[in-house]
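Remarks on the structure that follows.
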Amino acid sequence: MTDQKLAIIVLAAGQGTRMKSSTPKLLHEIAGVPLIGHVLATAGELDAAYTVSVVRHERDRVVEVIEDHFPSSIIVDQDDLPGTGRAVEQAVAGLPDDFDGDVLVVSGDVPLLDADTLRGLIAEHRATAASATLLSAELEDATGYGRIVRTADGMLDRIVEHKDATDSERALHEINAGVYVFGVHELRDQLARVTTENAQGEKYLTDVIGLLRRAGSDVAAVTVAEPWLVSGVNDRAQLSAAALKLNALIVRGWQLNGVTVVDPATTWIDLKSSLAEDVTILPGTQIKGATSIARGATVGPDTTLVDCEVGEDAVVKRTDATLSVIGVGASVGPFAYLRPNTVLDADGKIGTFVETKNSHIGPGSKVPHLSYIGDTEVGQGSNVGAGTITANYDGVNKHRTVVGSHVRTGSHNVFVAPVRIGDGAYTGAGTVVRKDVPAGALAINVAPQRNMAGWVEQNRPGSAAAQAAQAEQSAQHSAQAPDEIGE
Ligand code: UD1
Ligand code: CA
């Protein structure tokens, strides 16, 4: 049910300078979802009356992603005055004038925070008479974070940013997580009084805490049990640390759901992928995007699947596949490359050093070795010989190859598209198939072999090849000699 007394402000206007990236910080991904997407998903679980996202840096790109993940978010543009305080001030102005509840502020760059922790924070705020309640954490290395400064009797007094802190303040380990609940009126009043007199020349939201205390209001802190919940992402080292933590949680979640993950340290599973019971994931495997893997399938080692569908009991070994469907009981790899729109039906095989693209390989059909199969349709029960290449591109247009059912093509064939090989047809080794092959025919177009006897001795006299040839010839000669005598 919608909480009519709750508004959420999502801070997403910062530049993210420390990422040193042309991609806005909040669009960097962990587990296949942009940082801001994680925060918006968590915000969505709280079902607030209003959710306001504040944007400025790379505004259009960020807004597009926000609208993707949270279409009903109100978008507020922050002006040129920098700082989290200014961002919140403008977001509050974006709320209806008669809104009279609590404002939860979350940062777009704190992706691991969960809804339960936020619910606990809101409940604590509402249970006390505090004007503001914030999340804090005890960190061994608090570098970069704002520190919670308490009075001698332990009362929360103010927050000092790392850049403004004295040495003794920097030695404090209790950090501000950047997540707060405020009464909307107190927040509005105090924000108006925040200045930009600090090391960064910004309007800090954190200053509201000290101002509230000076005004005699109560401010409370809730310490999170597990500090990783509030880890912020400012640079790429923190990005990978957050990704690592989230991945560990995802892998563990699937393990508890009945998936065998042999090596969690080298297995990466995106948030949107799904795995059934009795799936086995071998080391060095990445399951990305909206990949789904059905019961009993084995994936890996060293495999990357992006937006793929893997059927029951399929085996996918040392493979790179994108936007492909691997059927029930099918076998792929080792060393296969499945490009988008490959569909391998049940019990089919795409084997070693085979590349496929935009192709449908029917039930039980096999492309076992060293082939490129593009823009191709293969029926059922066919075998495509080793080293087959579909010449699908004439330099201007792409054309399709059709291979019927129960076809046997020879090794080292080229199928020059558009071309069709009929049901039950055969092709000889080395055939360049330029014309359709009727059902049941054998196609061969290679020239008959000619052996020019003695060519090596005449043209390469004295070479190792010539000596070896002579040796074999005389061995054959003497082996035949006794018979000849006997005759
Ligand atoms: C902020 C807190 C710090 C806290 C830390 C927790 C302030 C002044 N400091 O520091 O006490 O320990 O988070 O992670 O609040 N943003 C805007 N507009 C701006 C500037 C930033 O919307 O003008 C957004 C950013 O996009 C980001 C969030 O606010 O999502 C935090 O900004 P950031 O610059 O990362 O603050 P920190 O230095 O991490
Ligand atoms: Ca930050």
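Keep in mind it's a predicted model, so treat the numbers as computed, not measured. Start at 1 with the first residue, then count along the sequence. Whatever order the structure lists them in is the order used to number ligands and atoms, beginning at 1.
Atoms of ligand 1 found under 4.0 Å from any heavy atom of G146 (numbered from 1 in listed order, with element): 3 (C), 4 (C), 11 (O), 12 (O). Shown in contact with Y204 at under 4.0 Å from a heavy atom are these atoms of ligand 1, numbered in order with element: 8 (C). Atoms of ligand 1 found under 4.0 Å from any heavy atom of A12, numbered from 1 in the order shown, are 22 (O), 26 (O). Numbered from 1 in the order shown, with element, the atoms of ligand 1 that lie under 4.0 Å from a heavy atom of A177 read 6 (C), 14 (O).
How far CD1 of I36 is from CZ of F70: 11.0 Å, rounded to the nearest 0.5 Å. To the nearest 0.5 Å, the span separating CG on L112 from CD on E226 amounts to 11.0 Å.
Side-chain contact check for T303 and T319: no donor-acceptor pair (N or O, by modelled atom type) lies under 3.5 Å. A donor atom on one side chain and an acceptor atom on the other are not found under 3.5 Å apart for H360 and N341. A donor-acceptor contact closer than 3.5 angstrom is absent between the side chains of Q255 and R252.
Between E161 and G146, the shortest heavy-atom distance links the atoms OE2-CA, 3.7 Å.
Of the possible donor and acceptor atoms, none in the side chain of S53 sits under 3.5 Å from a partner among the backbone N and O of I75. Using modelled atom types, one side-chain atom of S359 and one backbone atom of K357 make a donor-acceptor pair closer than 3.5 Å. At distances below 3.5 Å, not a single donor-acceptor pair connects side-chain atoms of D270 with backbone N or O atoms of S273. Within the 3.5 Å criterion, the main-chain N or O of V179 finds no donor-acceptor partner in the side chain of S107.
Checked against D157 for a salt bridge (charged side-chain N to carboxylate O under 4.0 Å, His left out), the options R147, R150, R214 give a single hit: R214.
Ranking protein heavy atoms by distance to atom 13 (O) of ligand 1, first place goes to G178 CA, 4.5 Å. If you check which protein heavy atom lies closest to atom 23 (O) of ligand 1, you get G83 N, 2.7 Å. Of the protein's heavy atoms, T84 OG1, 3.4 Å lies nearest to atom 7 (C) of ligand 1. D109 OD2, 3.0 Å is the protein heavy atom nearest to atom 35 (O) of ligand 1.
Residue contact check for ligand 1: K25 places a non-hydrogen atom closer than 4.0 Å to it. In this structure, T206 counts as a contact residue of ligand 1, since one of its heavy atoms falls inside 4.0 Å of the ligand.
Counting heavy atoms under 4.0 Å from ligand 1, residue Q15 does not touch it at all. At a heavy-atom cutoff of 4.0 Å, ligand 1 is contacted by both the backbone and the side chain of A13. Of the heavy atoms in R86, none comes closer than 4.0 Å to ligand 1. Proximity of R18 to ligand 1, defined as any heavy-atom pair under 4.0 Å, is confined to the side chain (atoms from C-beta onward). Of the heavy atoms in Q78, only side-chain atoms (C-beta onward) come closer than 4.0 Å to ligand 1. The side chain of N234, and not its backbone, has at least one atom closer than 4.0 Å to an atom of ligand 1 (non-hydrogen atoms only; side chain from C-beta on).
Checked against a 3.5 angstrom limit, the closest N/O atoms of L11 and ligand 1 fall inside it. In terms of polar-atom proximity, defined here as any N/O pair under 3.5 Å, E161 does make such a contact with ligand 1. When only interatomic distances are considered, the shortest N/O to N/O separation between G144 and ligand 1 does not fall below 3.5 Å. Between P82 and ligand 1, a contact under 3.5 Å exists for no N or O pair. Close N/O approach between V110 and ligand 1 is not found [any backbone or side-chain N/O within under 3.5 Å].
Two residues are said to be in side-chain contact when any heavy atoms from C-beta on lie closer than 4.5 Å; P34 and H28 fail this criterion. Side-chain contact between L118 and L113 is present, with at least one heavy-atom pair separated by less than 4.5 Å. Using a 4.5 Å cut-off on side-chain heavy atoms (C-beta onward), I281 and L275 make contact.
Around NZ of K203, the count of heavy atoms belonging to other residues, nucleotides or ligands within 6.0 Å exceeds 12.
Listed by chain and residue number, the protein N/O/S atoms under 3.0 Å of the Ca ion (ligand 2) are D109 OD2, N234 OD1, with waters left out.
A salt bridge does not link E312 to R295: none of the charged nitrogens lies less than 4.0 Å from a carboxylate oxygen.
Relative orientation of the F353 and F335 rings is parallel, given thresholds of 30° and 60° on the angle between their planes.
Taking each of N176, L139, T17 in turn, the one with a heavy atom nearest to atom 12 (O) of ligand 1 proves to be N176. Comparing G85, G14, S53, S107 against atom 31 (C) of ligand 1, the shortest heavy-atom distance belongs to S107.
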